[in-house]
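Written below as structure tokens is the structure these notes are about.
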Amino acid sequence: MAKIIVVTSGKGGVGKTTTSAAIGTGLAMRGHRTVVVDFDVGLRNLDLIMGCERRVVYDFINVIQGDASLNQALIKDKRLDNLFVLAASQTRDKDALSEEGVARVMDELAAQFDFVICDSPAGIEKGAHMAMYFADEAIVVTNPEVSSVRDSDRMLGLLSSKSKRAEENRDPIKEFLLLTRYNPIRVESGEMLSVADVEEILSIKLLGVIPESQAVLKASNQGVPVIFDAESDAGQAYSDAVERLLGADVPHRFLDVQKKGILQRLFGG
Amino acid sequence: MSFMDFFRAQKKPTTASMAKERLQIIVAHERGQRSQPDYLPQLHRDILDVIRKYVPIREDQVQVELDSQGTCSVLELNITLPDR
């Protein structure tokens with residue numbers, strides 16, 4: 001039986017899609033059959049970040065409405081055999097994401113995958129609700145910034161009350177904090193909330209800290225999930241997060257200011 | 001942190017610590033509201049309407065709070081009547 005993981009945040013622009021793409025890819029790289037599902041109906045973007053935008057023929061809504069089978073709509077990744085994408089539709093009709101329809105697709109996906117990663121839209125509307133409703137685990141993507149932290153706390157409230165697990169009185173959704181766009185230099189100078197601050201406020205388990213990195217824009221420009229960039233700090237931080245998601249105890253990196261040596265200062269690095 | 005920063009830090013809290021303090025307050029407040037039952041705002045309005053049949057009163061002069069201690073829930077009503 002598959003594990004369903006929602007990537008959510010409440011606030012937009014904090015890195016949900018970047019994270020969904022990176023974590024999904026990371027799980028597939030480690031041999032797990034994984035599908036990443038875009039729930040952002042009307043504003044699909046996961047396909048661009050994963051680099052499969054020109055291969056979308058059928059989407060999530062087509063499957064729900066019976067216009068296509070699930071296997072017709074699943075897009076196989078070019079790089080990994082066990083990684084698939086289910087694109088969101090570009091229709092503006094959000095009601096198309098019906099609870100029965102999503103439940104049926106989730107069941108079908110759970111039968112053939114090890115991991116189902118649900119990329120939630122921003123906000124707390126239907127799309128976001130459906131993305132979290134069937135989840136077993138949640139990755140709450142947060143920036144070290146007041147509005148993002150507040151919205152994350154709001155999402156935690158919804159995860160514990162408005163999910164299928166909550167309604168059926170089963171074990172609650174396992175919640176993980178992923179702090180993104182972290183800048184240790186600004187934290188050290190007191191301009192940015194630290195990991196410890198955000199952990200204290202939200203009090204959920206820390207899955208990882210992704211440093212603010214130029215690699216993220218570079219990766220999205222090319223449509224290659226940033227986790228493939230194994231040289232980059234963000235890529236490595238995502239790899240660590242995937243290991244932790246799979247239960248490994250990996251120490252956190254990139255939390256402190258990297259002191260540059262004299263040669264690095266002179267020649268850049 | 002440089003030598004001068006040490007003195008500066010004494011005078012003014014950092015913006016990060018202001019952010020943390022503000023967040024702790026608003027998050028605690030919003031969590032409190034979240035745990036309230038859905039009917040509480042409507043109950044508040046109804047009580048207000050009943051009292052207004054007899055005396056003019058502002059909305060903030062009626063406070064409704066629900067506290068739960070163990071298995072016991074206490075509904076606390078605080079009504080301030082205007083001066084006569």
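Remember, it's a predicted structure, so these values are computed and weren't measured experimentally. Lettering follows sequence order; numbering is per chain, from 1.
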Test side-chain hydrogen bond (donor to acceptor under 3.5 Å, both in side chains) applied to Thr17(A) and Asn45(A), Asp119(A), Asp38(A), the passing residue
Asp119(A)
Contact between Ile210(A) and Tyr238(A) at the side-chain level, heavy atoms closer than 4.5 Å - yes or no?
yes
Heavy-atom distance under 4.5 Å between the side chains of Leu156(A) and Leu202(A), does that happen here?
yes
Salt-bridge criterion met for Asp229(A) and Lys218(A) (N-O under 4.0 Å):
no
Taking 4.0 angstrom as the limit, do Lys3(A) and Glu137(A) come out as a salt bridge?
yes
For Thr180(A) and Val14(A), indicate whether the former's side chain and the latter's backbone hold a donor-acceptor pair under 3.5 Å.
yes
Between Arg186(A) and Glu191(A) (side chain of the first, backbone of the second, donor and acceptor by atom type, cut-off under 3.5 Å), is there such a pair?
no
Going by ring pair (Phe, Tyr, Trp, His ring centres under 6.0 Å), name the residues that satisfy it together with Phe115(A), two or more places apart in sequence or in a different chain.
His32(A)
For the residue pair Asp46(B) and Gln42(B), confirm or rule out a side-chain donor-acceptor distance under 3.5 Å.
yes
Answer key: most heavy-atom pairs under 4.5 Å with chain A among Gln24(B), Arg22(B), Glu30(B) is Glu30(B)
Inter-chain contacts: residues 193-201 of chain A against chain B, heavy atoms under 4.5 Å
Leu193(A), Asp197(A), Glu200(A), Ile201(A)
Identify the residues of residues 138-153 of chain A whose heavy atoms come closer than 4.5 Å to a heavy atom of chain B, ordered by number, or report 'none'.
Val146(A), Val149(A), Arg150(A), Asp153(A)
Does anything in residues 119-146 of chain A pair up under ring-ring contact (aromatic ring centres under 6.0 Å, His included), and if so which pairs, sequence neighbours excluded?
His129(A)-Tyr133(A)
